[in-house]
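Reviewing the structure listed below.
What you see is a predicted model; the values in this text were computed from it and never measured.
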Amino acid sequence: MTTPRRSVHALIEDHALIGDMQTAALVRPDGTLDWLCLPRFDSAAAFAGLLGTEEHGFWRIAPAVPADTAAPHADRRRYQGETLIVESEWDTETGSVRVLDFMPPREGHAPQVIRIVEGVSGTVEMKSTMSPRFGYGSRLPWIHDEAGRTAAVSGPDSLWLDTSVPGTEKDGVVEHVFTVGAGACVAFALSWQSSYAAAPAVPEAAAALAVTSRFWAEWVEHLVYDGPYREAVVRALISLKALTHASTGGIVAAPTTSLPEEIGGVRNWDYRYVWLRDAAVTLSALLQTGYREEAAAWRQWLVRTLGGDPHNLQIMYRLDGPRDIPERELAWLPGYEGSSPVRVGNEAVDQLQLDVPGEVIEMLALAHEHGVARCEKTEILILKLVEYVREHWREPDDGIWEVRGDRRHFTHSKIMCWVAIDRVIRLAEQGLLEVDLHELKHLRNNIHTQVCERAYDPERNTFTQSYGSKELDASLLLLPHTGFLPADDPRVIGTVDAVRRELAADGVLVHRYRTAGQNVGADGLPGGEGAFLLCSFWLVDALALTGRLDEAEELFEQLLTLRSSLGLLAEEYDPVARRQVGNFPQAFSMLGLTNSAVLLSEQRKAAAVPVMAA
């Protein structure tokens, strides 16, 4: 038995996502599971090798051959149909083997990771090496045999490994070496349980596989999108569904923390929480493609979480609603490819971001349009959010990008305050809310006038990042979507062109804003970052809405080529290193893909309809 070797990091985009809609794991092409938080997305990781080395926790199942030959080719690794079940195949000198990795949806049972090894041809010697380390890789568990099962216990946590093949344990590493022949099958099932509770039931791997496959097949059946990008949309939607939390209705921004926006940089953040903005926009993608249950569940989460006090609004919360998300650094983890610090928690929780009420109200209005039943509690919440906007819209804020510099009058934030008021006026005019329309229309007009006077640069024919600034911001690409001005307004078209010209690499990959390189910039941070993928999809939408549909479709198809071999996207893309960076997979990126695909399909259908003469 050897001690775990130090790992060579796989590319971020080379990981496969598996999950049970309460937590998620990432699996490398060489069969190594190197990230898993248990029992929830925001719990401490039991396998944290992704942010360090194998000394911080991993579980690999692969042929017992040198590691550099143990990764399947891209075309031998795929999701099994329209599911979240990963299928990897290896060819060796003695035969071929397949491994299925998945997490069955929880139906009254403990969190489970199931890995099934199937012989395809000949015989293959396989090795399972598992080294759990609780507390983000900081705690070595007590590993022992318990009635024929391998138990790993540390403090409040326990893992239970069940398999039919004998294994050994030394220095916190559990190893199973076995041979699988054609048609044979060996299953490994790992379950989490509170250490003070009774041991979890032994999973039935074959039954769990059938349940998981059926769950995803039935969920995908609700899809109403029938456009040309179905494969990409289905994979994006499955990924978004995987980021929902089945028990609470919360939706995380990503299942990871501290994957760097710049390799070796410090822009490493924890995204395993429910941002009101991210969740609202995620639901817009789900609603537009036929999924209403998730919107209803999140609406209930929203009512419970904000309670009767929306005036004390936060931008993010924990999965079940707690407000306290202190940020700290894990000094024992060196970070992905040496990108430190590794952070858990998120200091941005205390920021003022005035765009958030607009996104929330817009999603609630969209939910009504898509048939989600009215809720009296939601109507009260909307009115309180409007009051929040009325009280705060004149203040500077921290903006959509959570900059850690000084507060400013960010243009996007002001426009979204306008959206909040505008959507409430629309609901009231439909007889769905009782408000003082005269007062709200006056407020809407005041916001509109101020933005046009203070955020527009007439010399360059573009709106700017903030009042009085010369800088641009990719969030301005949302202008055609918001309805703040008509899409064919010269100021809108000029803004879209300016953002593309100044913030897009080669006119395709859009950066959020200019950073200051190695110096601390206006965002309060040193270093740079990759192009923000959601912003590139915003550019697709802006081009389509401003009448450049062919150009939008061409750009969209270019962006599709940036997806991983499994169809996934991280938060950003480094156009120099030509690789994905940031937390992975990112809800923003996957929902951006979905929304753009839907919009392009709608625009193309509209373009095909002849215009009737008046």
Does [X] come within less than 4.0 Å of [Y], counting only side-chain N to carboxylate O?
X	Y	value
Asp320	Arg318	no
Glu82	Arg235	no
Arg267	Glu261	no

Pairs flagged by ring-ring contact (aromatic ring centres under 6.0 Å, His included) wherever residues 147-181 is involved - sequence neighbours left out: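 Output for this query lists His176-Phe188, Phe178-Phe188.
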ring-ring contact (aromatic ring centres under 6.0 Å, His included) with [X]: which residues, sequence neighbours excluded?
X	result
Trp269	none
Trp332	none
Tyr291	Trp219

Would the number of heavy atoms belonging to other residues, nucleotides or ligands and lying under 6.0 Å from [atom1] of [X] be above 12?
X	atom1	answer
Glu402	CD	yes
Arg292	CZ	no
Glu327	CD	yes

Hey, what do you get for OG (Ser258) to OH (Tyr271), rounding to the nearest 0.5 Å?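 Nearest 0.5 Å value for the OG-OH distance: 10.0 Å.
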Going from CD on Glu169 to CG on Leu161, what distance comes out if it is rounded to the nearest 0.5 angstrom?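 So the gap between those two atoms works out to 12.0 Å.
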Report yes if the distance between the aromatic ring centroids of Trp401 and Phe532 is under 6.0 Å, otherwise no.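 Trp401 vs Phe532: aromatic centres under 6.0 Å.
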[X]-[Y] side chain donor-acceptor pair, cut-off 3.5 Å:
X	Y	value
Arg214	Thr212	no
Trp59	Ser128	yes
Gln80	Glu87	yes
Arg60	Thr129	no
Ser339	Asn268	no

Taking only residues two or more places apart in sequence, or in another chain, which ones meet Asp278 in a salt bridge (Lys or Arg N to Asp or Glu O under 4.0 Å)?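 Once residues adjacent in sequence are excluded, Asp278 has no partner under the salt bridge (Lys or Arg N to Asp or Glu O under 4.0 Å) criterion.
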Partners meeting salt bridge (Lys or Arg N to Asp or Glu O under 4.0 Å) with Asp14 (sequence neighbours left out):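 Not a single residue meets the salt bridge (Lys or Arg N to Asp or Glu O under 4.0 Å) criterion with Asp14.
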Aromatic rings Trp142 and His144: how do their planes relate, parallel, tilted or perpendicular, breaks at 30° and 60°?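 Rings of Trp142 and His144: parallel, under 30°.
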With Leu190, which of Asp162, Leu33, Leu159 fulfils side-chain contact (heavy atoms from CB on, under 4.5 Å)?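 In the set Asp162, Leu33, Leu159, the residue that makes a side-chain contact (heavy atoms from CB on, under 4.5 Å) with Leu190 is Leu159.
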Can you name the one residue among Val356, Ile251, Val281 that meets side-chain contact (heavy atoms from CB on, under 4.5 Å) with Leu276?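 It is Val356; the other options fail the test.
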Should Glu54 and His56 be marked as a side chain to side chain donor-acceptor pair (under 3.5 Å) after you check the CA-CA gap, both sets of side-chain angles, and the distance that decides it? CA-CA 5 Å; Glu54 291 185 347; His56 300 106; over 6 Å; no
Trace of the side-chain contact (heavy atoms from CB on, under 4.5 Å) decision for Thr123 with Val180: CA-CA 6 Å; Thr123 60; Val180 61; over 6 Å; no
Please determine whether side-chain contact (heavy atoms from CB on, under 4.5 Å) holds for the pair Phe47 and Asp34, giving the CA-CA distance in whole Å, both sets of side-chain angles, and the decisive distance to 0.1 Å. CA-CA 6 Å; Phe47 299 94; Asp34 62 3; over 6 Å; no
